[in-house]
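We count ligands from 1, going down the list as the structure has it; atoms in each ligand are counted the same way.
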Amino acid sequence: MLSTMQDVPLLISRILAHGSTIHGTSQVTTWTGDGEPHRRSYAEIGARAAQLAHALREDLEVSGDERVATLMWNNAEHVEAYFAIPSMGAVLHTLNLRLPPEQIVWIVDHAADRVVLVNGSLIPLLAPLLPHLKSLEHVVVSGAGDRSALTDAAARAQVRVHEYEDLIAGKPTSYDWPELDERAAAAMCYTSGTTGDPKGVVYSHRSIYLHSMQVNMAQSMGLTDGDTSLVVVPQFHVNAWGLPHATFMTGVNMLMPDRFLQPVPLAEMIESERPTHAAAVPTIWQGLLAELLAKPRDVSALTQVTIGGSACPPSLMEAFDALGMRVCHAWGMTETSPLGTIARPPAHAVGTDEEFAYRLTQGRFPAGVEARLTGPGGERLPWDGESAGELEVRGPWIAGAYYNGTDAEPLRPVDKFSEDGWLKTGDVGTISPDGFLTLTDRAKDVIKSGGEWISSVELENALMSHPDVAEAAVVAVPDEKWGERPLATVVLKEGSTADFDTLRDFLAGEGRIAKWQLPERWTVIESVPKTSVGKFDKKVLRRQYAEGALDITRI
Ligand code: AMP
């Protein structure tokens, strides 16, 4: 029997139409750093997205599913691109501006980007790459920044340069958005390529639509039109965790930091713009915390902070809670759109001793994300909160393959996808009977010592709860007797006098860490190396150790 329901495709143009009319007075506020933030209503964003689509189609002749890239910070123009490009049927390709230049070149070439929208402040990054970007024909510049370097480089590379505002000026403020197939490509994002070449994940209109609804659920981020979300997580990092789409569904206002991601401007915008919610990786929040402790500000409006991308250290959660900024921990990947779990404690745990432990987990799987754990021998493991295995997931906003060129079969590497099509996340952890995920490590970071596993994350969290430790990363290093042993690399707080024996005794104290798991190799470093999206870059530490570049003390 067929259903009797209307078959209306789930399209990004529908999210735009909804947000720019029903929530037309909601605002995107962009920080400018000169004291006067820039404000634009959702109605204006809708009109300007239509103008941008006209310009791309009529002036730059973007057609079909051609890729239009962005090399931009989080700001109103980037939101316009988010809606205009997919709504007209083209594919939005957000470029990670923190990647090494040769990777940006590789990615632009792989995606065959014809047009790139760039912020003026990023011209120094783009201009030297132009001669190498073979597919590129047009550069569209928005916002402040010296254009001269671009003009010269573009002339040599035979690329045309346009001013965003000139290009859209005078264009119609509405667009007859095409009725696309909801399964068509809407946006793409490359993984950071820490092993091998970066891999392209291509989101569909349908996957983005469904993911946005999930972000908005009360048990998820659960924001409403009274909220303002400080979107620190970059728009080039998995669609800013889906926030620009989700906010257009509900009328949540967005506060965009543009390039001002340092602790001082973040503290200033929280104080003056009074966002109620914020989202970013732990590294950003560690920096903000130090700033707020050094110079207290009125942060009373900010009551919800979503933290993901790396494990949230318990010490960070406690410190934020104490400032009234309640942390909600979440897990996800580029391949999962990204929201895969979110740690809202179940009703029976709220107000009890169990509540904090639930909040420290990576969170509960929402409807729409199916999960299973696979042991080292390929066996299915139970959801008993104890059996640790590799997490595999499946669902309508989970990748089933990687982009391999428009006419090529998508890539399905066996280490990333199971034979029956589930995504192998490379994350190792346990799942409780009530569906809460606790990650113990990345499969490649777990320390395999004498046939047992030691969680690097557990050691790091324990170290970071010591008052003298600012940051700590633990990596596996080869050991003749045990195969691998943990190496503790520690960043001490200014003025701290703690020595390694003290830190080791601290780890052993109060049953924090089992004796056989305690590191014997220690070193102090100035800061933990970070990846392009602000996560601990442990491969750099492993390499430094192998090259003898670290000053190791054995205790
Ligand atoms: P990316 O695709 O760059 O967002 O990286 C995804 C990876 O980040 C995941 O596979 C995890 O290893 C890690 N990750 C994301 N969120 C968390 C979290 N809450 N706790 C621990 N690891 C996380």
Check ligand 1 for close polar pairs with the protein: N or O on both sides, less than 3.5 Å.
| from | atom 1 | to | atom 2 | distance (Å) |
| --- | --- | --- | --- | --- |
| ligand 1 | 2 (O) | Thr334 | N | 2.9 |
| ligand 1 | 2 (O) | Thr334 | OG1 | 2.7 |
| ligand 1 | 3 (O) | Lys535 | NZ | 3.3 |
| ligand 1 | 4 (O) | His237 | NE2 | 3.2 |
| ligand 1 | 4 (O) | Lys535 | NZ | 3.3 |
| ligand 1 | 5 (O) | Lys535 | NZ | 2.7 |
| ligand 1 | 8 (O) | Gly309 | O | 3.3 |
| ligand 1 | 8 (O) | Lys535 | NZ | 2.7 |
| ligand 1 | 10 (O) | Asp427 | OD1 | 3.4 |
| ligand 1 | 10 (O) | Asp427 | OD2 | 2.7 |
| ligand 1 | 10 (O) | Arg442 | NH1 | 2.9 |
| ligand 1 | 12 (O) | Asp427 | OD1 | 2.6 |
| ligand 1 | 12 (O) | Asp427 | OD2 | 3.4 |
| ligand 1 | 12 (O) | Arg442 | NH1 | 3.3 |
| ligand 1 | 14 (N) | Gly309 | O | 3.2 |
| ligand 1 | 16 (N) | Gly309 | N | 3.0 |
| ligand 1 | 19 (N) | His329 | NE2 | 2.9 |
| ligand 1 | 19 (N) | Ala330 | O | 2.7 |
| ligand 1 | 20 (N) | Ala311 | N | 3.1 |
| ligand 1 | 20 (N) | Gln362 | NE2 | 2.9 |

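Asp258 and Thr30 share no donor-acceptor pair across their side chains, judged by distance under 3.5 Å alone. No side-chain N or O of Tyr190 forms a donor-acceptor pair with one of Gln103 less than 3.5 Å apart. Judged purely by distance below 3.5 Å, without hydrogens or angles, the side chains of Trp241 and Thr306 never pair a donor atom with an acceptor atom.
A salt bridge is defined here as a Lys NZ or Arg NE, NH1 or NH2 lying under 4.0 Å from an Asp or Glu carboxylate O, and Glu392 with Lys424 fails to meet this definition.
A ring-centre distance under 6.0 Å is found for Trp285 and Phe320.
Residues passing the salt bridge (charged side-chain N to carboxylate O under 4.0 Å, His left out) test with Glu291, sequence neighbours excluded: Arg297.
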